[in-house]
Amino acid sequence: MGVRVGIDLVSIDAVEQSISVHSGRYLGRVYTTTELDDCRLADGSHDARRLAARFAAKEAVLKVLRVDEEGIPWRAIGVRRDAHGRPSIELTGAAKELAQERGIEGIDVSLSQAGPFAAAVVVAEVRGDP
Amino acid sequence: VETLERRHAYGDPGVLREHARLPADVDTRSDDTDLFASGVTSHANVNLMLALEDAFDVELLDRMLMCGVFKSRPLPSQIAAGRTIIVELDSWYLPDAAATGYRSEGWTRATGALAEVVG
């Protein structure tokens with residue numbers, strides 16, 4: 001069993017700008033319904049800091065999957081939170097199929113935010129030689 | 001799509017200049033420049049694709065919003081790699097339309113897949 005690590009850093013300002021410019025189309029094409037629900041603020045808008053952390057997690061997952069030009073919809077990689085707020089990765093569709101093809105057997109994520117950036121680290125267990 | 005992006009990128013303000021957050025001057029980009037090697041992030045790529053949808057009134061597949069799927073590369077090399085290239089055309093130049101429906105039925109634009117680039 002091998003281990004792969006993926007990391008990514010996302011500018012919170014870039015996410016705020018995307019929400020401002022592309023609004024619902026950006027949110028609906030990139031984030032799962034669960035992610036949008038988890039990041040919704042009391043006034044109905046979305047928290048760019050938490051969304052940025054989730055985007056970083058998606059990109060970090062792509063790195064452990066070693067995606068090249070396969071093309072994975074962003075919504076096929078989702079971050080969920082348990083009752084204690086701990087995040088986990090949920091793969092669906094093309095991402096799930098690629099993970100199986102790549103021998104990914106387990107995957108975990110850690111999210112962080114500080115100042116203008118959000119970051120995510122993903123660790124995956126891989127069958128055979130990673 | 002590559003052609004559309006390229007044509008518009010050199011306009012002013014230009015989709016690429018406005019949305020890709022390129023660190024370098026976009027005008028120094030050549031036809032075979034790898035946008036992501038030039039500093040376009042995954043997140044900026046999403047903005048770029050959504051802006052292209054707006055600019056050309058098209059809807060890209062969700063998987064094309066991901067980095068690496070879309071690259072500024074010459075069309076012949078993409079076709080040779082087996083990728084499907086969807087383009088929007090001015091119907092005036094389609095041989096089988098012969099410009100007939102262009103005027104009478106308003107077929108000003110058509111969407112097609114490229115099989116080969118000649119010339």
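Lettering of chains follows the sequences in order, A, B, ..., and the numbering in each one begins at 1. Because the structure is predicted, anything quoted here is derived from the model rather than measured.
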Let me check something: do [X] and [Y] share a hydrophobic cluster, defined by ILVMFWY side-chain heavy atoms less than 4.5 Å apart, either directly or through other members?
| X | Y | value |
| --- | --- | --- |
| A/I12 | A/L36 | no |
| A/I89 | A/I72 | yes |
| B/L48 | A/I19 | yes |

Query raised in the report: Within a strict 4.5 Å, meaning less than it, do heavy atoms of the B/N47 and A/V21 side chains meet?
Result: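 Of all side-chain heavy-atom pairs linking A/V21 with B/N47, none is under 4.5 Å.
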Query raised in the report: In Å, rounded to the nearest 0.5 Å, how long is the span from OG1 of B/T41 to CG of A/L9?
Result: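 So the gap between those two atoms works out to 10.0 Å.
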Query raised in the report: Roughly how far apart are B/M66 CE and A/L62 CG, rounded to 0.5 Å?
Result: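 Going from CE on B/M66 over to CG on A/L62, the span is 5.5 Å.
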Non-hydrogen atoms of [X] and [Y] that approach each other most closely:
| X | Y | value |
| --- | --- | --- |
| B/D54 | A/R25 | OD1-NH2, 2.5 Å |
| B/H43 | A/A14 | CE1-O, 3.4 Å |
| A/W74 | B/S42 | CH2-CB, 4.0 Å |

Query raised in the report: If you draw a 6.0 Å radius around NZ in A/K96, do more than 12 non-hydrogen atoms from other residues or ligands fall strictly inside?
Result: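 No.
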**Report entry** Region of A/Y26 that comes under 4.5 Å of a non-hydrogen atom in chain B
**Finding:**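 The answer is both parts of A/Y26.
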Query raised in the report: Taking only residues two or more places apart in sequence, or in another chain, which ones meet A/R29 in a salt bridge (Lys or Arg N to Asp or Glu O under 4.0 Å)?
Result: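 Only B/E53, B/D62 meet the salt bridge (Lys or Arg N to Asp or Glu O under 4.0 Å) criterion with A/R29.
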Return a table of donor-acceptor pairs under 3.5 angstrom between the side chains of residues 98-123 of chain A and protein atoms on other chains or two or more places apart.
unit_1: A/R102; atom_1: NE; unit_2: A/L65; atom_2: O; d: 2.8
unit_1: A/R102; atom_1: NH2; unit_2: A/R66; atom_2: O; d: 3.1
unit_1: A/R102; atom_1: NH2; unit_2: A/E70; atom_2: OE2; d: 2.7
unit_1: A/E105; atom_1: OE2; unit_2: A/R127; atom_2: NH1; d: 3.1

